[in-house]
Amino acid sequence: FKIKEVILMNQLFGYQILPEDASSHDIVINGTSPFLVNSKLGQVKIFVQPHSHLKSCFSQKYEACSYIWGIPVHPDVATSDLPDWCINTIAEKRYGRFRELIGTFVVIIDEPKQHRITFVTDILGIRPMFLGRKNGRIVFGSDVWTIQRSGMTNGKIDYDAVSAWVAYGFNCTDGTLFSDLSRLPPGSVIILKNDQRTETPYAEFESKSQTPNPEQVSEEIHHIVSSTTKALLADNPGVSIALSGGYDSRYLLALSSSLTETSAECATVCFKEEEKIVANKVAESLEFPLNNYSIKGSIWDFYDQAYHFM
């Protein structure tokens with residue numbers, strides 16, 4: 001494989017190790033380095049950008065490697081113990097427990113003894129992961145362009161996905177820019193074993209006929225958001241909060257100030273002068289430093305790659 005020079009930030013890529021790889025050269029992705037938990041075991045080789053959020057461990061009990069890409073937290077499990085917790089959860093097939101994780105993440109469990117590779121996505125599928133096969137090899141990564149540049153796709157365009165993006169500004173298909181890559185579904189456990197793929201949602205939603213009053217709704221929302229915010233900030237010495245000046249971001253900033261001593265700064269992307277004025281007043285009132293990023297001209301000028309999310 002050959003990789004053209006690309007600029008990567010907090011990206012993760014990987015591929016399945018095949019027997020013939022022993023006599024060939026490793027893939028080298030510019031700006032990343034191989035990440036190994038146990039050099040003697042493993043069906044996959046993972047590459048990460050130096051500042052990527054990646055936690056890992058090796059379980060002697062299950063002879064499995066666990067990788068967590070992202071920043072999930074658990075109300076009762078220490079962040080350092082989460083990789084092992086994920087291995088146990090998969091081994092015990094208690095997939096519903098992944099609902100307990102808060103935050104964006106992709107979990108990869110490599111079980112060579114079982115000839116099984118498992119992916120787990122966060123409940124909303126916010127952190128992207130794309131999966132495909134090339135010449136019998138499983139390939140995956142967080143950016144389809146880099147996978148394509150490596151030669152690990154056929155390079156054919158998925159015009160349904162492109163059409164959806166042009167029509168709606170959002171890819172609402174299960175495909176990607178390239179026809180042989182698919183984005184992993186949200187809130188799911190995806191198991192690859194013996195050339196078979198199974199998908200199991202770990203969260204199922206039920207409909208109920210219930211009409212709470214506005215006070216109940218506000219109290220419930222406040223409880224959910226405040227407890228989630230507190231858990232997310234507990235292990236972080238510093239955070240950056242997107243402040244638009246709207247109600248949601250003002251509320252989140254105020255919660256952060258009241259719930260934790262974590263150092264925080266704010267950033268505002270200004271499309272209109274009114275947003276900048278409101279954001280400045282809020283940040284000043286709550287005594288938070290604020291960085292303003294003004295967009296002049298088209299909104300698309302803000303992005304280096306218009307298709308980065310496909």
Legend entry - Glu199 vs Arg197, salt bridge (Lys or Arg N to Asp or Glu O under 4.0 Å): CA-CA, chis, key distance, verdict: CA-CA 7 Å; Glu199 297 179 5; Arg197 170 173 169 168; 2.7 Å; yes
Inset, instruction - Step by step, work out the side chain to side chain contact (heavy atoms under 4.5 Å, CB included) result for Phe105 and Val120. - result: CA-CA 8 Å; Phe105 62 87; Val120 185; 4.2 Å; yes
Legend entry - side chain to side chain contact (heavy atoms under 4.5 Å, CB included) evaluation trace for Val239 with Leu233: CA-CA 8 Å; Val239 296; Leu233 296 179; 3.6 Å; yes
Legend entry - Step-by-step side chain to side chain contact (heavy atoms under 4.5 Å, CB included) determination, Leu192 to Thr118: CA-CA 6 Å; Leu192 308 177; Thr118 302; over 6 Å; no
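Here the straight-line distance linking atom OG of Ser52 with atom CD1 of Ile46 works out to 11.0 Å at 0.5 Å rounding. To the nearest 0.5 angstrom, Leu54 atom CG is 13.0 Å from Ile71 atom CD1. For the atom pair OG of Ser59 and CG of Asn88, the computed distance is 6.5 Å after rounding to the nearest 0.5 Å. The CG atom of Leu82 lies 9.0 Å from the OG atom of Ser66; values are rounded to the nearest 0.5 Å. The distance from atom CD1 of Ile147 to atom CG of Leu131, rounded to the nearest 0.5 Å, is 8.5 Å. Put simply, CD on Glu265 and CG on Leu253 are 11.5 Å apart, with the number rounded to the nearest 0.5 Å.
Of the possible polar contacts, one joining the Gln43 side chain to the Glu111 backbone as a donor-acceptor pair under 3.5 Å is found. Looking at Lys276, its side chain never comes within 3.5 Å of a backbone N or O of Asn292 through a donor-acceptor pair. For the pair Thr176 (side chain) and Phe178 (backbone), a donor-acceptor distance under 3.5 Å is present. One N or O on the side chain of Arg137 and one on the backbone of Gln16 form a donor-acceptor pair closer than 3.5 Å.
Residues Trp85 and His74 bring their aromatic ring centres within 6.0 Å. Two rings, from Phe130 and Trp145, have their centers 6.0 Å or more apart.
Taking 4.5 Å as the limit, every side-chain heavy atom of Pro112 sits out of range of all side-chain heavy atoms of Glu63. Residues Thr146 and Phe13 form a side-chain contact, since some pair of their non-hydrogen atoms from C-beta on lies under 4.5 Å apart. Side-chain contact between Ile108 and Trp69 is absent, with no heavy atoms from C-beta onward closer than 4.5 Å. The shortest distance between side-chain heavy atoms of Val162 and Ile157 falls below 4.5 Å. Counting heavy atoms from C-beta on, the side chains of Ile87 and Lys61 never come closer than 4.5 Å. With a 4.5 Å cut-off on side-chain heavy atoms, Ile109 and Cys65 do not count as touching. Side chains of Pro83 and Tyr67 form no contact here, defined as non-hydrogen atoms less than 4.5 Å apart. With contacts defined as side-chain heavy-atom distances shorter than 4.5 Å, the pair Asn213/Val217 does not qualify.
Across all their heavy atoms, Gly136 and Leu18 have their closest contact at O-CD2, 4.4 Å. Residues Asp158 and Gly175 come closest through the heavy atom pair OD2-CA, 3.7 Å. Closest approach of Ser249 and Gly246 over heavy atoms only: OG-O, 3.4 Å. Thr173 approaches Asp160 most closely through the heavy-atom pair CG2-O, 3.9 Å. Across all non-hydrogen atoms, the minimal contact from Ser56 to Phe35 is OG-CE2, 3.2 Å. The two residues Pro75 and Ile102 make their nearest non-hydrogen contact at CG-CD1, 4.3 Å.
Partners of Phe119 under the ring-ring contact (aromatic ring centres under 6.0 Å, His included) rule, at least two apart in sequence or in another chain, are Phe140.
Around atom CD of Glu204, no more than 12 heavy atoms belonging to other residues, nucleotides or ligands sit under 6.0 Å away. For Asp174, the CG atom sits in a loose shell: 12 or fewer heavy atoms of surrounding residues, nucleotides or ligands are nearer than 6.0 Å.
A donor-acceptor pair shorter than 3.5 Å can be found between the side chains of Ser142 and Gln11. Under the 3.5 Å distance criterion, with hydrogens and angles disregarded, no donor-acceptor pair is assigned to the side chains of Thr121 and Ser188.
A salt bridge between Glu284 and Lys281 is absent, with no side-chain N of the basic residue lying under 4.0 Å from a carboxylate O of the acidic one. Ion pairing of Arg116 with Asp110 is absent here, as no side-chain N (NZ or NE/NH1/NH2) approaches a carboxylate O to less than 4.0 Å.
The hydrophobic clustering, which links ILVMFWY residues whose side-chain heavy atoms are closer than 4.5 Å, places Ile126 and Ile123 together. Cluster annotation: Tyr247 and Leu255 are assigned to the same hydrophobic cluster (Ile/Leu/Val/Met/Phe/Trp/Tyr, side-chain heavy-atom contacts under 4.5 Å, transitive).
Aromatic ring orientation, Tyr251 versus His222: tilted (interplanar angle from 30° to 60°).
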